[in-house]
Amino acid sequence: MKRLLLILTVLAAGTTAALLGGVLREARADAAPRTAESARLAKRGLELQERARRTADPALYPASERAFRAALRLDSRNATAVRGLAALKGSRHRFSEMLPLARQALALEPESADVHGILGDALLELGRYEQAFAAFDRLATLKPSASAYARISYARELRGDVDGALEAMELAIDSAATGEPSALMRTLTGNLLAADRRAEEAFVRYREALAFVPGYAPALAGLGHLAVARGNHEAALKLYGRAAAGSSAPEYAATYGDLLNRLGRPAAAADAWARAEALEARFARNGGDNRLETAEFDLNHDRDLADALARARAGRAARPSVEGDHVLAWALYKNDRCAEARKVSLRSLRLGTLDVDGLYHHSLIEACLGNAEPAAAYREKVRRLDPAYLANAPSARRFAAEAG
């Protein structure tokens, strides 16, 4: 699973836990019947949201939203309901809708650490990075916590500061509660270590995560990634298979399918990819916006390239972040619009993020335009960051070449 998605999982976990405590305090603060019922409904919405997070089941999102909306009809100043609704928008990747709710929550509770975290999440995914980083700094000042340090870590990683990101994640590990929070923080740290070519240390962190939560899918996927880097695809297949079987997150099923296909099992790969598509469709049916994710999957697999470009454009417009730029640039390249792709790709790299996918895509774009020297330089960056990546990279074919 991409670090972005895991980060959002971490933040949702920390925010929901804090809000569940807050709603109980609000209920005790005012015993008026409407206020008490509003608090009860907000608590119900948070419980559903937490269950959806734990099970990766977006079918619980509509019921959670109905509970929050009902709470606000009874008490329009129910800060817990506003915060919960904002966090739910984030879970659905609807960040432009998340931002006004986060600002509404901030007006109700300007000194709430959780509100600053939610506000920063929305700003980050809308590409307003300096404002987002400032919100995360304010969060960490108000309430140093595992979720605060995870946000700080992600902000540093986006700017290419891997050492600083790891330093923040070590603080997150020290601050995390036992059980799943500890497993999450160790997995995120393992992912950073793996990206920094510190495989042995990453292995230790993933094993620690599995000690806290046996069968923990993100940690199994992390171990699978290490196995791919070692060239042990059969071991990776088993690990990703366990991750896909134990989680409803579509990323694991998609990667499992990729490995099956690489090992010459196309029918089984098609089944795994079909499951990933079904899970993505379930997310969309329940209010999720996954246009960037589904576009990237199709682009990586040379499918529906024209439609993937349309989805990438719409997804990037809704989520004008470096991730949105990255997927759009890849879509433009695949559709043989390399000059336009280069401008968008350079924008996706503007923060200095050391993302091998983005760097690889940019090397292809430069090569498409006949720029051999920068193409080779970016390809070498990919090789230095992840020596095994190029052997397992997504297809470089373009729509025009395929049509010809």
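Since this is a predicted model, take the numbers as computed values, not measurements.
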Exercise for the section: Check the pair Lys43 / Glu47 against salt bridge (charged side-chain N to carboxylate O under 4.0 Å, His left out), numbers first and verdict last. Expected result: CA-CA 6 Å; Lys43 179 175 181 289; Glu47 289 170 343; 2.4 Å; yes
Side-chain donor/acceptor pairs under 3.5 Å, residues 261-270, sequence neighbours excluded:
from	atom 1	to	atom 2	distance (Å)
Arg262	NH1	Asn392	OD1	3.4
Arg265	NH2	Glu234	OE1	3.4
Arg265	NH2	Glu234	OE2	3.0

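- Classification of Arg313 and Glu340 as a salt-bridged pair holds, one side-chain N sitting under 4.0 Å from a carboxylate O.
- You'll find the side chain of Phe283 stays beyond 4.5 Å of the side chain of Pro250, heavy atoms only.
- The pair Arg319-Asp289 does not count as a salt bridge, with every side-chain nitrogen at least 4.0 angstrom from each carboxylate oxygen.
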Practice task
Kindly indicate, with the supporting measurements, whether the criterion side-chain contact (heavy atoms from CB on, under 4.5 Å) is fulfilled by Val115 and Leu139.
Solution key: CA-CA 8 Å; Val115 169; Leu139 162 65; over 6 Å; no
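- Rounded to the nearest 0.5 angstrom, Ser248 OG and Glu251 CD are separated by 11.0 Å.
- The backbone N or O of Leu158 sits less than 3.5 Å from a side-chain atom of Thr353, completing a donor-acceptor pair.
- Using the six-membered ring where Trp is involved, Phe133 and Phe136 have ring planes that are tilted, between 30° and 60° apart.
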Under 3.5 Å, side-chain donor or acceptor atoms of residues 202-210 against the rest of the protein: list the pairs with distances, not counting sequence neighbours.
from	atom 1	to	atom 2	distance (Å)
Arg205	NH1	Glu208	OE1	2.6
Arg205	NH2	Glu170	OE1	2.8
Arg205	NH2	Glu170	OE2	3.2
Tyr206	OH	Gly190	O	3.3
Tyr206	OH	Asn191	N	3.2
Tyr206	OH	Asn191	OD1	2.5
Glu208	OE1	Arg186	NE	3.2

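- Side chains of Arg53 and Glu180 form a contact here, defined as non-hydrogen atoms less than 4.5 Å apart.
- You'll find the side chain of Pro181 stays beyond 4.5 Å of the side chain of Phe212, heavy atoms only.
- Sorted by first and then second residue, the side-chain hydrogen bond (donor to acceptor under 3.5 Å, both in side chains) pairs involving residues 266-287 (not counting sequence neighbours) are Asp57-Arg282, Asp258-Trp273, Glu277-Arg303, Glu280-Asn290.
- In this structure the side chain of Leu85 reaches within 4.5 angstrom of the side chain of Leu72, judged on heavy atoms.
- Between Arg92 and Glu97 there is no salt bridge, since no side-chain nitrogen of the basic residue lies less than 4.0 Å from a carboxylate oxygen of the acidic one.
- The aromatic rings of Trp330 and His361 sit parallel, their planes meeting at an angle under 30°, below the 60° perpendicular limit.
- Electrostatic pairing of Arg151 and Asp121 counts as a salt bridge here, judged by a charged N lying under 4.0 Å from a carboxylate O.
- A heavy-atom distance below 4.5 Å is found between the side chains of Arg83 and Glu109.
- Put simply, the side chain of Val327 does not reach to within 4.5 Å of the side chain of Arg316, judged on heavy atoms.
- The local environment of CZ in Arg94 is crowded, with over 12 non-hydrogen atoms from other residues, nucleotides or ligands closer than 6.0 Å.
- Identified under the salt bridge (Lys or Arg N to Asp or Glu O under 4.0 Å) test for residues 126-138, with sequence neighbours left out: Glu111-Arg138.
- For the pair Leu292 and His326, the minimum side-chain heavy-atom distance is 4.5 Å or more.
- Between Leu226 and Val228, the closest side-chain pair of non-hydrogen atoms is not below 4.5 Å.
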Problem - Working for side-chain contact (heavy atoms from CB on, under 4.5 Å), residues Asp302 and Lys334 - result: CA-CA 8 Å; Asp302 295 321; Lys334 284 283 187 170; 2.6 Å; yes
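- Each of Asn371, Ile365, Leu349 was compared with Tyr378 under the side-chain contact (heavy atoms from CB on, under 4.5 Å) criterion, and only Leu349 meets it.
- For residues 210-220, the set of pairs meeting the salt bridge (Lys or Arg N to Asp or Glu O under 4.0 Å) definition, not counting sequence neighbours, is empty.
- Residue pairs satisfying the salt bridge (Lys or Arg N to Asp or Glu O under 4.0 Å) criterion with at least one member in residues 187-204, sequence neighbours excluded, are listed as follows: Asp196-Arg198, Arg198-Glu201.
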